[in-house]
Amino acid sequence: MILLPCPWCGPRDADEFGYAGEIRPRPDPSTTTPAEWRGYLYLRRNTAGWTRERWFHRMGCRRYLVLERDTTNNDVRPSTDASSGSGS
Amino acid sequence: MAEAYSALALLRHGVTGRSWTPMWRERPLERGYPVVIIGGGVHGLATAYYLAANHGVTNVAVLDKGYLGGGGSGRNTAILRSNYLTVEGVRFYDRSLELYRGMASALNFNVMFSRRGHLTLAHSDTSLRTMRWRAEVNKASGVDSEVIGPDEVKRLVPEMDTSATARYPVLGALHHPPGGIVRHDAVVWGYARAADRLGVHLHQHTEVTGIEVSGGRVTGVRTNRGPIATPVVLNATAGWASTVSDMAGVPLPVQTFPLQAAVTEPVKPFLRTVVVSGTLHVYVSQTARGELVFGASVDPFASYSTRGSLEFTEGLAGHVLQLMPSLAKLRLLRQWAGLCDMTPDFAPVMGATDVAGFFLDVGWGTYGFKAGPVAGEAMAECIATGQTPEIISAFGLDRFAQGRLVGEKGAAAVGH
Ligand SMILES: Cc1cc2nc3c(=O)[nH]c(=O)nc-3n(C[C@H](O)[C@H](O)[C@H](O)COP(=O)(O)OP(=O)(O)OC[C@H]3O[C@@H](n4cnc5c(N)ncnc54)[C@H](O)[C@@H]3O)c2cc1C
Ligand SMILES: [Zn+2]
């Protein structure tokens with residue numbers, strides 16, 4: 001079982017969460033080009049190692065959170081970034 | 001050179017007790033090769049074989065960080081079919097089936113291809129509608145594919161619960177008689193042996209750690225065994241595709257997800273076809289040895305870890321029993337996972353890139369084993385001639401920047 005640290009509910013079984021994917025910068029829609037926007041939509045870093053990602057606590061507080069995970073072994077730690085858990 | 005396999009050779013070895021020569025040789029790692037293929041799965045090996053067999057390019061090196069077939073090619077559930085949803089997909093996978101049919105004699109290796117039919121169940125009106133659509137696309141491309149009703153399903157698989165009171169009643173199925181299963185290891189070994197006989201160098205435990213690019217062209221690769229000069233590199237590393245493409249600075253629309261599978265103890269043969277249920281996220285076939293092989297959809301989050309989970313086994317068992325309650329007493333022998341390089345449109349990424357000499361054969365997701373032969377044939381042509389073959393023209397990396405996605409999800413999400 002993999003436990004994810006929800007900033008509001010504490011450690012919970014990963015099964016309770018929805019995976020929303022790696023966090024990547026979103027281009028400004030008013031200035032971006034179609035090709036750049038499609039890059040944002042489709043390209044992924046797909047890091048093998050520590051990565052920052054967004055999850056949704058769908059069977060808990062139903063809030064979005066940010067955490068860090070080592071994708072090679074699924075070790076998890078709370079995001080060190082100040083915006084952690086601020087949702088969006 | 002490895003000897004040819006035949007009834008006579010079998011008799012000779014049986015009588016003399018002499019052991020067989022190894023299927024392929026360990027050769028010294030050279031300082032340079034005209035073509036370097038990264039990844040010793042079915043895709044890398046098939047490309048090497050067709051480069052040598054169809055184009056006379058024999059001085060090829062296949063590098064694998066582990067052992068041949070240690071990736072998805074040795075972990076998949078070996079389902080072959082061509083009843084896809086898009087015209088591009090159908091003709092592509094159908095060519096692969098054709099190559100599979102002739103493979104045993106072409107490679108002089110018994111790959112145990114068993115053409116036993118493939119059933120995709122519909123449990124809702126929506127899936128029945130998608131299946132009618134698929135059947136029409138298939139038939140228009142000359143592929144045998146037909147929607148059948150619950151009675152016909154029951155006739156093909158008597159163990160199936162087709163009652164109207166089932167939690168997910170079977171409303172019908174897409175029946176694809178040319179589909180089947182193959183012995184996946186044999187396909188890998190068959191291509192490896194045939195490529196070796198034509199002069200291809202197979203280097204196991206050789207990990208690529210960097211790709212040299214100068215002036216927009218590939219000039220070599222770095223490995224744990226030293227540098228290799230080369231003007232042509234093929235990335236055929238499936239689940240690891242992003243890590244290798246990063247070395248050449250080519251970002252990919254790929255996310256790596258684990259996919260798990262499991263087998264039961266062997267039992268008397270009873271299941272003649274492959275059965276897939278997208279709604280229940282499960283599929284099953286019976287091997288020549290009698291084991292039932294089960295698979296599902298990918299794990300719920302991206303990862304490079306191949307550790308199995310109890311959630312998978314529990315979900316799988318529950319769903320299998322909804323389809324075939326009589327399997328309740330069967331015991332699972334083992335479960336395992338492999339890495340799948342998923343793309344947004346469930347179609348592969350193949351061909352040249354903006355870095356001259358750097359080619360891709362990735363994005364094989366959960367469905368790439370069946371594509372090994374046709375992908376190898378097409379990539380060999382692409383590398384040898386410098387032209388993108390028509391059969392893979394829809395699968396270029398540039399389709400994402402141009403918004404020309406292929407849209408194969410409806411036929412590939414669960415039924416690999
Ligand atoms: C459980 C499961 C069931 C599946 N079922 C089916 C099915 O029924 N039908 C179907 O068609 N497909 C199926 N698939 C998908 C199929 O297995 C894959 O798409 C296919 O095997 C990919 O083959 P490949 O040769 O591209 O990659 P792989 O066989 O994964 O080979 C890639 C190789 O690259 C090597 N490598 C990686 N990085 C490096 C590096 N830096 N340097 C050197 N070598 C490197 C790895 O060691 C590996 O051997 C399934 C997959 C799984 C996991
Ligand atoms: Zn929560």
Side-chain angles (χ1 to χ4, degrees), chain A residues 1-6 11-27 29 32-60 62 64-79, chain B residues 65 207 209 235 237-247 249-258 298-315 337 339-347 349 353-354 362-363 365 396-406:
Chain A
M1 184 167 75
I2 297 168
L3 291 178
L4 300 186
C6 175
R12 292 294 191 91
D13 188 338
D15 247 16
E16 294 183 9
F17 297 80
Y19 173 69
E22 68 187 38
I23 291 173
R24 51 195 193 286
R26 179 175 183 261
T32 186
T33 62
E36 189 189 29
W37 185 255
R38 289 175 187 141
Y40 164 69
L41 287 181
Y42 303 127
L43 300 179
R44 294 290 181 277
R45 281 195 303 276
N46 196 24
T47 310
W50 284 100
T51 175
R52 285 183 76 229
E53 53 193 20
R54 186 167 281 127
W55 291 71
F56 176 56
H57 196 182
R58 62 194 163 95
M59 295 182 190
R62 298 192 64 78
Y64 281 91
L65 56 133
V66 174
L67 54 77
E68 291 176 14
R69 186 168 58 97
D70 182 342
T71 56
T72 61
N73 57 15
N74 292 328
D75 279 355
V76 176
R77 65 188 182 208
S79 173
Chain B
K65 67 175 177 177
E207 176 167 6
T209 54
N235 178 1
T237 56
W240 297 269
S242 302
T243 64
V244 169
S245 269
D246 277 354
M247 298 173 191
V250 174
L252 292 181
V254 163
Q255 269 188 296
T256 297
F257 282 81
V298 291
D299 281 5
F301 53 90
S303 179
Y304 287 84
S305 161
T306 49
R307 194 165 165 171
S309 69
L310 182 62
E311 287 87 349
F312 161 77
T313 331
E314 277 179 344
L339 301 183
C340 296
D341 40 341
M342 307 301 292
T343 59
D345 57 358
F346 286 70
V349 182
T353 64
D354 288 342
V362 301
L397 177 60
D398 54 359
R399 76 177 183 272
F400 296 96
Q402 294 166 3
R404 285 187 290 108
L405 274 59
V406 178

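Every chain is numbered from 1, with letters handed out A, B, ... down the list of sequences.
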Structural part of [X] lying under 4.5 Å from a heavy atom of chain A:
X	result
B/Pro300	backbone
B/Ser303	both
B/Leu310	neither

> With respect to chain A, which residue among B/Asp341, B/Thr306, B/Thr256 yields the maximal number of heavy-atom pairs within a distance under 4.5 Å?
Replying inline: B/Thr256
> Which one, B/Ser245, B/Ala241, B/Ala302, leads in non-hydrogen pairs under 4.5 Å with chain A?
Replying inline: B/Ala302
Contact class of [X] relative to chain B, heavy atoms under 4.5 angstrom:
X	answer
A/Thr33	neither
A/Asp75	neither
A/Asp15	side chain
A/Trp55	side chain
A/Arg45	backbone
A/Ile2	side chain

>> Does any part of the side chain of A/Glu53, heavy atoms only, come nearer than 4.5 Å to the side chain of B/Phe301, both counted from C-beta?
In response: no
>> Can you confirm whether A/Asp13 is buried at CG, in the sense that more than 12 heavy atoms of other residues, nucleotides or ligands lie under 6.0 Å from that atom?
In response: yes
> Around B/Arg307, counting heavy atoms of other residues, nucleotides and ligands shown, do more than 12 lie under 6.0 Å from its CZ?
Replying inline: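 No, not enclosed.
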>> Can you give me the closest heavy-atom contact between B/Phe257 and A/Tyr19, atom names plus distance?
In response: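 Scanning both residues, the minimum pair turns out to be CZ-CE2, 4.2 Å.
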> Atom CD of B/Gln255 and atom CG of A/Leu43: how far apart are they, to the nearest 0.5 Å?
Replying inline: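 Result: 11.0 Å between the selected atoms.
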>> Could you measure the distance from the CZ atom of B/Arg404 to the CZ atom of A/Arg38? Nearest 0.5 Å is fine.
In response: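 It comes to 10.0 Å.
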> Backbone N or O of A/Asn46 within a donor-acceptor pair of the B/Tyr304 side chain at under 3.5 Å?
Replying inline: yes
